[in-house]
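All residue numbers in this chain count up from 1 along the given sequence. The shown structure was predicted, so the numbers you read here are calculated from the model rather than taken from an experiment.
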Amino acid sequence: MTEPIKLSLVHESRLEPKLHNGGIITYNPTIELFAGVAGPTTLQIWRSNNQIVAKSSQRGDRVSVQAIRWKPDGQFLAVGWSDGVVRLMGLESNKAVHQMTICTAGQANITSIGWAQNLAAKHPVSTSQSSSKAWEQLASQGLDLSKKKPAADLPRELTFLEIETSLPKLSPLPASGGSGDDTFVFTTRASLEFLFRPFSQNDSDKVDVMIVGTNDGQVHISIYDSFVIGSFHYSLPPSFGNQTELQLYGSASHLELSTHTLVFKPSTGDKTRTLYLVPIDLTFIYSSPENLSLLASKTTTLQKLLRYVNQVQYHMLHEWQSTRELPNRFLNSINETLKEAGTYGEMKIGQAMYHSVVTGHTFPEVKEWLVDQLAERGHKRWDKAVVTGLQTLRSLVHENFLPALERISIILSRLLGIARFHESKAEIGFTSAQIMKVMDIVSCLMMVGNKILLFVMEELELFHAFSIWLRHEIDRLASSSITEDLTEKEASMEHGKILAYIQQYMPASPLRYYLSSVTAEDTERDRKLADGGSSLLELLGKQIKKQESGQPDTGSYPQVEFLCKYLDSQANSVLEGIAEAERRSVRFGQCTKIVLDHDVSRFDVQLSAAQVGDTWKGVTHTALTTEGDDSHIYIFRTSTTITNGISSSVTAELSRMILGDGKILDLKFLYDDSLLVLWMPKDSDSPLRLIRVPHRSEDLGYEPYTAGSQVTPHELTNEQVTSVFLNMIVPSQPDFVPAQMEIKEASVERGKLPPRMCLLGNDMQTYQVFALPEDPFGEALKVKR
């Protein structure tokens, strides 16, 4: 007889407010955090001590959370919202750092999010050890370290060499002045460091895969956090008869297999008696070149840098406008006054000020404007608006814009090397010519950035001289007599700089050539010319020469807004080419239909792998209970052989058990060998138990299965349930009834965490976390590949 194990309660929380949407909640795999839907439109993240870490909601009263899932390493939380967008919240930030549009709001709903990790094509493991542990191990064995020098895999080391880590860190952006969903993403140091974490060579053979399903049969696949591969629509084969719209119900994966298992159900209604198990082969992972992880990580970083540059551009335009807005109001006011006077012809304030600087004479209307309207207070506002705006613009270009472009250039140079290496193949989806085009645009942006920096510095210097003179004029004209102090100030003024500012910057700054809006017609005209094969850098150089020589030119090449949009479009064409190359190697395998007598109540799916020679055998176990038989467990076993990343025909088997007279509250898989069943005996005096069913054991009596076939159940008594299987007693209050269970594997990512069972009470407020015993689950604490 198996002695029961009493589980220990790690912590218990009382959730405020009560969970919504059926109690959507999930525990972080690597740290003591959990996230749940805390209101009709609100997501909340709590610590284990019930402290609220973050709250998130979207614009609009009807945007609600439909699905959530933590990344396996716990770094991101994927949240599927009813507006059709999956947003990724960073662990170090409560902001949505990535977002992917999955479907159109109102036309489809997000039904499932799966996040897994796969190994890419196998490569020889480098004998070089980067950590001191390898040396400590050698020393403990009494080996002579001077003679045992492991050979480095130099090509691999060079491939994954991180140059970006030697560059200065990107600076956070101001909290105001941005635009769109990324407005606050890049505003803190913690957020930037989290987003731009350096690529780890230890992860070079691993691919993170996210699979999102919708209720219109779409399956959306992305890798490396936010690199979108694309959407795929699954339809049943014609042999299944009447076609019905499906929705993704769940998915399963294994580290060693690039084939995943998808579970579909009919999208009509919440309940179903029919399930469809479909393998999906992501052969681009299996057949990936050595540099798939490098390619994907660099393109993902490129996407983030493009988003960052766009936000910097918004800030630059905002600051430029702020330097012109207030001064223009002041200048327009006096220009109207001079025009109404009718005695000065077409003279404007610039000419009047130039006259005052040269002759010392001030026109009466200008004097009245300086003394009575502008005065000391207006001058301070003018000075602050211009100086603050230009200084901020200078910082944005120097600390944000140009450093980001340098990082983009480095990434593009890496992509150029990959493109040249694979030039004769179509497997990577882009060419060296495309990368050169993008690099040309980046060079233009760097030239424009340096031009802006030069003009800003010059304008600051000239404005400083002009501002001193303007304040002196206000004080001189307001004074009844000329004091010695005023005379000394006038003698120290730099009249050349004052006149230069009045002529060159006050009416229309040269910065307008780079920071103004461009008409759609000019944009379209210049874009067609650039797309025609001409070097954008040469076109830009010609246009700048025209502007600097005073020739009229309405071209848009020097405009930051135009160049950033053009960069986005050209870079996106490269990214889309990569995604298209990967999409071509995604295929659906043979479908297995499951038909039950009653509606599915609880369900989980798990994929295991075994290598047989040069092929792999993928075995999917699907465990479920039905509403009519709450003591019955159905375990479906479907097997397929996977050769070169492609699945073959599928065989299906079924084992059915009756666990005494108790009620099965929930069931979940843990690792490859354990199905954990939350079981409540009918006897009220008996405690709640967690039963471990070894689902891979042949003793369960699996029998061949075809859709609708019946299998005689193995019926166990309560005593057999608690004696045959490993069982664990769940300590709980008499009034606590679990509504759902979640099982988390052991983790050593951020400190040692045992396997955990998380229970949500049927009151949607009580949340309990129990530590599962390390044995028989201790093998999970071993460091994974």
Peer 1: Distance-only, no hydrogens or angles: does the Gln559 side chain make a donor-acceptor pair with backbone N or O of Tyr513 under 3.5 Å?
Peer 2: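 Here the side-chain-to-backbone pair exists.
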Peer 1: One thing to verify: whether Arg527 and Glu524 come together as a salt bridge, which I'm taking to mean a side-chain N less than 4.0 angstrom from a carboxylate O.
Peer 2: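 Salt bridge flag = no for Arg527 with Glu524.
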Peer 1: Could you tell me whether Glu548 atom CD has more than 12 heavy atoms of other residues or ligands within 6.0 Å of it?
Peer 2: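 Check passes, neighbour count above 12.
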Peer 1: Can you tell me if Arg394 uses its side chain to pair, donor with acceptor, with the backbone of Leu460 under 3.5 Å?
Peer 2: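 No, the answer is negative, given that no donor and acceptor are paired below the 3.5 Å cut-off.
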Peer 1: Quick one: does Lys348's side chain get under 4.5 Å of Ile334's, heavy atoms only?
Peer 2: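 Not touching, per the 4.5 Å side-chain cut-off.
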Peer 1: So, taking the atom named CD in Gln351 and the one named CG in Leu338, what distance separates them when rounded to the nearest 0.5 Å?
Peer 2: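 Rounded to the nearest 0.5 Å, the CD-CG separation comes to 9.5 Å.
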Peer 1: Using a 6.0 Å cut-off, check whether atom CD of Gln391 has over 12 heavy atoms from anything other than its own residue.
Peer 2: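 Yes.
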Peer 1: Please tell me whether Asp522 and Thr519 have a donor and an acceptor in their side chains that are separated by less than 3.5 angstrom.
Peer 2: yes
Peer 1: Does Thr188 reach the main-chain N or O of Ser191 with its side chain, forming a donor-acceptor pair under 3.5 Å?
Peer 2: yes
Peer 1: Show your reasoning for whether side-chain contact (heavy atoms from CB on, under 4.5 Å) applies to Met446 and Glu406.
Peer 2: CA-CA 8 Å; Met446 294 188 77; Glu406 288 175 1; 3.7 Å; yes
Peer 1: Which heavy atom in Ala571 sits nearest to a heavy atom in Leu306, and how many Å separate them?
Peer 2: CB-CD1, 3.6 Å
Peer 1: Using side-chain contact (heavy atoms from CB on, under 4.5 Å), reason through Val456 and Val397 one step at a time and then give a plain yes or no.
Peer 2: CA-CA 10 Å; Val456 167; Val397 175; 6.0 Å; no
Peer 1: Is the distance from the ring center of Phe76 to that of Phe194 below 6.0 Å?
Peer 2: yes
Peer 1: Do Ile411 and Arg407 have side-chain heavy atoms sitting under 4.5 Å apart?
Peer 2: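 Not in contact.
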Peer 1: I want to check something: taking the side chain as every heavy atom from C-beta on, are Ile45 and Met89 in contact at a cut-off of under 4.5 Å?
Peer 2: yes
Peer 1: What heavy-atom pair brings Lys304 and Leu195 nearest, and what distance separates the two atoms?
Peer 2: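 The pair with the smallest heavy-atom distance is NZ-O, 2.6 Å.
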Peer 1: Within the 4.5 Å heavy-atom criterion, are Met100 and Val85 side-chain neighbours or not?
Peer 2: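 With C-beta onward as the side chain, the pair stays apart.
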Peer 1: Do the charged groups of Lys339 and Glu336 touch, with an N to O distance under 4.0 Å?
Peer 2: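 A salt bridge is absent here (no side-chain N lies under 4.0 Å from a carboxylate O).
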Peer 1: So which atom in Ala465 and which in Lys497 form the shortest heavy-atom distance, rounded to 0.1 Å?
Peer 2: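 Heavy atoms of Ala465 and Lys497 come nearest at CB-CB, 3.8 Å.
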Peer 1: Check whether any side-chain N or O of Thr187 sits under 3.5 Å from a backbone N or O of Thr183 as a donor-acceptor pair, and report yes or no.
Peer 2: no
Peer 1: Hey, mind stepping through Leu374 and Trp382 against side-chain contact (heavy atoms from CB on, under 4.5 Å) and telling me if it holds?
Peer 2: CA-CA 9 Å; Leu374 190 63; Trp382 186 341; 4.1 Å; yes
Peer 1: Can you label the angle between the Phe466 ring and the Trp469 ring as parallel, tilted or perpendicular, going by 30° and 60°?
Peer 2: tilted
Peer 1: Just by distance, do the side chain of Ser443 and the backbone of Met439 share a donor-acceptor pair under 3.5 Å?
Peer 2: yes
Peer 1: Does a side-chain heavy-atom distance below 4.5 Å link Gln99 with Leu88?
Peer 2: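 Of all side-chain heavy-atom pairs linking Leu88 with Gln99, none is under 4.5 Å.
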Peer 1: How long is the straight-line distance from CG of Leu462 back to CZ of Phe455, given to the nearest 0.5 Å?
Peer 2: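 Phe455 CZ to Leu462 CG: 11.5 Å, rounded to 0.5 Å.
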Peer 1: Regarding Glu399 and Lys169, does a basic nitrogen lie under 4.0 Å from an acidic carboxylate oxygen?
Peer 2: no
Peer 1: If you measure only the distance, is there a donor-acceptor pair under 3.5 Å linking the side chains of Glu461 and Tyr501?
Peer 2: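 No pair is found: no donor N or O on one side chain lies under 3.5 Å from an acceptor on the other.
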Peer 1: I'd like to know if the side chain of Arg512 reaches the main chain of Ala508, judged simply by a donor and an acceptor atom lying under 3.5 Å from each other, with no hydrogens or angles considered.
Peer 2: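 Yes; judged by distance alone, with no hydrogens or angles, the pair exists.
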Peer 1: Once you round to the nearest 0.5 Å, how far does CD1 of Ile349 lie from NE2 of His355?
Peer 2: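 Ile349 atom CD1 to His355 atom NE2 measures 11.5 Å (nearest 0.5 Å).
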Peer 1: Does Gly39 offer a backbone N or O that forms a donor-acceptor pair with the side chain of Thr42 under 3.5 Å?
Peer 2: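 Between the backbone of Gly39 and the side chain of Thr42 there is no qualifying donor-acceptor contact (under 3.5 Å).
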Peer 1: When His315 is tested against each of Ser176, Ser395, Pro174 for side chain to side chain contact (heavy atoms under 4.5 Å, CB included), which residue passes?
Peer 2: Pro174
Peer 1: Under a plain distance cut-off of 3.5 Å, with no hydrogens placed, do Ser467 and Asp383 share a side-chain donor-acceptor pair?
Peer 2: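 On atom types as modelled, these side chains qualify, holding a pair under 3.5 Å.
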Peer 1: Search all heavy atoms of Gln434 against all heavy atoms of Gly429 and return the closest pair with its distance.
Peer 2: OE1-O, 4.2 Å
Peer 1: Suppose we call two aromatic rings close when their centres sit under 6.0 Å apart. Are Tyr344 and Phe363 close by that rule?
Peer 2: yes
Peer 1: Do other residues, nucleotides or ligands put more than 12 heavy atoms under 6.0 Å from the CZ atom of Phe184?
Peer 2: no
Peer 1: What's the verdict on side-chain contact (heavy atoms from CB on, under 4.5 Å) for Trp320 and Thr323, showing C-alpha distance, side-chain angles and the deciding distance?
Peer 2: CA-CA 5 Å; Trp320 157 246; Thr323 65; 3.7 Å; yes
Peer 1: Verify ring-ring contact (aromatic ring centres under 6.0 Å, His included) between Tyr308 and Phe401, making sure each step is shown before the conclusion.
Peer 2: CA-CA 9 Å; Tyr308 180 83; Phe401 192 65; 9.6 Å; no
Peer 1: If you measure from NZ on Lys55 to CG on Leu43, what distance do you get to the nearest 0.5 Å?
Peer 2: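 Between Lys55 NZ and Leu43 CG, I get 11.5 Å after rounding to 0.5 Å.
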Peer 1: Using only heavy-atom distances, determine whether the side chains of Ser509 and Glu459 contain a donor-acceptor pair under 3.5 Å.
Peer 2: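 Yes, a side-chain donor-acceptor pair sits under 3.5 Å.
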Peer 1: Ser82 versus Val63: any side-chain heavy-atom pair under 4.5 Å?
Peer 2: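 Ser82 reaches Val63 side chain to side chain.
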Peer 1: Verify whether one side chain among Ser56 and Arg87 offers a donor that lies under 3.5 Å from an acceptor in the other.
Peer 2: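 Judged by distance alone, the side chains do not pair up.
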Peer 1: Side chains of Asp182 and Gln311: any donor to acceptor distance under 3.5 Å?
Peer 2: no
Peer 1: For the residue pair Leu192 and Leu170, what are the closest heavy atoms and their distance?
Peer 2: CD1-O, 3.5 Å
Peer 1: Can you tell if the side chain of Phe227 reaches within under 4.5 Å of the side chain of Ile578, non-hydrogen atoms only?
Peer 2: yes
Peer 1: Do Asp526 and Ser556 pair up side chain to side chain, a donor and an acceptor below 3.5 Å, judged on atom types alone?
Peer 2: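 Asp526 vs Ser556: donor-acceptor pair found between side chains.
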Peer 1: If we only count heavy atoms from C-beta on, is the Ile102 to Thr214 side-chain gap below 4.5 Å?
Peer 2: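 Sidechains of Thr214 and Ile102: in contact.
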Peer 1: Is it the case that over 12 heavy atoms from other parts of the model lie below 6.0 angstrom from the NE2 atom of His379?
Peer 2: yes
Peer 1: Does Arg329 pair with Glu325 as a salt bridge, N-O distance under 4.0 Å?
Peer 2: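 A salt bridge is present here (some side-chain N lies under 4.0 Å from a carboxylate O).
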Peer 1: Can you tell whether the side chains of Lys380 and Glu376 come within less than 4.0 Å, N to carboxylate O?
Peer 2: yes
Peer 1: CE/Met457 to CD1/Ile452 distance, rounded to the nearest 0.5 angstrom?
Peer 2: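 Between Met457 CE and Ile452 CD1, I get 14.0 Å after rounding to 0.5 Å.
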Peer 1: Rounded at 0.5 Å granularity, tell me how far CZ in Phe430 sits from OG1 in Thr299.
Peer 2: 8.5 Å
Peer 1: Are the side chain of Ser573 and the backbone N or O of Gln570 linked by a donor-acceptor pair below 3.5 Å?
Peer 2: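 A pair under 3.5 Å: yes.
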Peer 1: Indicate the atoms forming the closest heavy-atom contact of Ser432 with Ala419, along with that distance.
Peer 2: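 Smallest interatomic distance, heavy atoms only, reads N-CB, 3.6 Å.
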Peer 1: For Lys565, is there an ion pair with Glu561 - N to carboxylate O distance below 4.0 angstrom?
Peer 2: yes
Peer 1: Counting distance only, does the side-chain N/O of Ser64 pair as donor-acceptor with the main-chain N or O of Thr41 below 3.5 Å?
Peer 2: no
Peer 1: Looking at Ser569 and Tyr566, would you say the former's side chain and the latter's main chain have a donor-acceptor pair under 3.5 Å?
Peer 2: yes
